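Scope of the values below: all heavy atoms of this structure, side chains included, with no hydrogens, waters or symmetry mates. For ligands, and for the atoms within them, numbers begin at 1 and follow the listed sequence. Everything quoted here is computed from the prediction, not taken from an experiment.
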Amino acid sequence: MSPYDSESADRLVTAAADGEDQAVEAALRPRLLDEFIGQERVREQLSLVLQAARQRGTAPDHVLLSGPPGLGKTTLSMIIAAELGAPIRITSGPAIQHAGDLAAILSSLAEGEVLFLDEIHRMSRPAEEMLYMAMEDFRVDVIVGKGPGATAIPLELPPFTLVGATTRAGLLPPPLRDRFGFTGHMEFYAPAELQRVVHRSAALLDVRIDPAAAGEIAGRSRGTPRIANRLLRRVRDYAQVRHDGVVTAEIAARALDVYEVDARGLDRLDRAVLDALLRLFGGGPVGLSTLAVAVGEEAETVEEVAEPFLVREGLLARTPRGRIATAAAWHHLGLVPPAQPGRGAVPAQPELFGPDGARTAEA
Ligand code: ADP
């Protein structure tokens, strides 16, 4: 069976949270807006929304946070509650199967409470419809009884703030989207921002690390704080077991080479896909299913687990004729692009390609 059956599989560079992440993340989450690194635009906009609500003494508008996993949506929802001095209730779309589940949560909210609804696009339809009314009028209709005798009993709710999070804002029905007063779009983090995240987490975990080492980890973290924190923990293990615990850039690079996360954040599967595309198919175009057979994976795994990051990094392109590698992909694996596409690879002199190319060529 493939070890990559889903994005949440045991993969060091997945953005999904695993059990260990959940246990450690609580300690690493920034508590206030000022401690939250990066996402300047969202932070400034949110700060205005919260400050205005505080001045008026009312609950702020409902907030929608959209963006890929691991970028800080849950963290921001907790910060919103903390900045308002309000309690927070955390649930998720898939946990709400029936409208009754949502009614139970809503009717037990305290005044001003923040309700964080993760994966809001995965809520059931009836629950979604109940949410419309709750968001707009702070009221729900609870249906009592069944069949012709069923009656709707209106139930007043205390004012609350819904913070919805979604990885797919486009999947939200417009009536739901329209009921949010503010939408924050989270972007992948720049390396310098991730470097600050690593530094901050290292301090909280009591890990001694130099700035270059934090930069090395940041560069391999795919723009995602959750991955940066996870890589930091693996580097910490390596530094502790093989050295004196202090993390230098060289130790960080060596540790992450052991875990097969390369200088650009590609792991073994990503590299296998690129390698097959370049060496076996001369850079493409090649069909997805052929590429998948070549790396011994399901087409779905290649398409959903490996390709999104390769596309984002500009290493692979999906075209109507099949997958093709970009010039950057050849360079990344230390190969020279053929003069004519599709004519095979020539091993390159690693030193031609700078530190990234050199390291990956040696690996
Ligand atoms: P999401 O809900 O978007 O999946 P989380 O809020 O759970 O992401 O964040 C994942 C981890 O990344 C948390 O442990 C948090 O500590 C860290 N993190 C996310 N964003 C930031 C940030 N801007 N600054 C510092 N740490 C962050």
Peer 1: Checking one residue: Val258. Which other hydrophobic residues are in its cluster under the side-chain 4.5 Å linking rule?
Peer 2: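 Hydrophobic cluster check, Val258: joined to Tyr238, Ile251.
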Peer 1: Ring-plane angle category for Phe180 and His62, please: parallel below 30°, perpendicular beyond 60°, tilted otherwise.
Peer 2: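 It falls in the perpendicular class, over 60°.
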Peer 1: Taking side-chain hydrogen bond (donor to acceptor under 3.5 Å, both in side chains) as the definition, give me every residue that meets it alongside Arg318, ordered by chain and number, with sequence neighbours left out.
Peer 2: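 Expected list: Glu307.
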Peer 1: With sequence neighbours left out, what residues match Ser201 under side-chain hydrogen bond (donor to acceptor under 3.5 Å, both in side chains)?
Peer 2: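 Scan of Ser201 (side-chain hydrogen bond (donor to acceptor under 3.5 Å, both in side chains), adjacent residues dropped) gives Asn229.
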Peer 1: Starting from the C-alpha separation in whole Å, work towards a yes-or-no answer on side chain to side chain contact (heavy atoms under 4.5 Å, CB included) for Asp270 and Arg264.
Peer 2: CA-CA 11 Å; Asp270 303 322; Arg264 219 165 155 162; over 6 Å; no
Peer 1: Who's touching ligand 1 if we go heavy atoms under 4.0 Å?
Peer 2: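 These residues qualify: Glu25, Leu28, Arg29, Pro30, Phe36, Ile37, Pro69, Gly70, Leu71, Gly72, Lys73, Thr74, Thr75, Tyr189, Val197, Pro225, Arg226, Asn229.
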Peer 1: Does Arg271 pair with Glu260 as a salt bridge, N-O distance under 4.0 Å?
Peer 2: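 Result for this pair is no, no salt bridge flagged.
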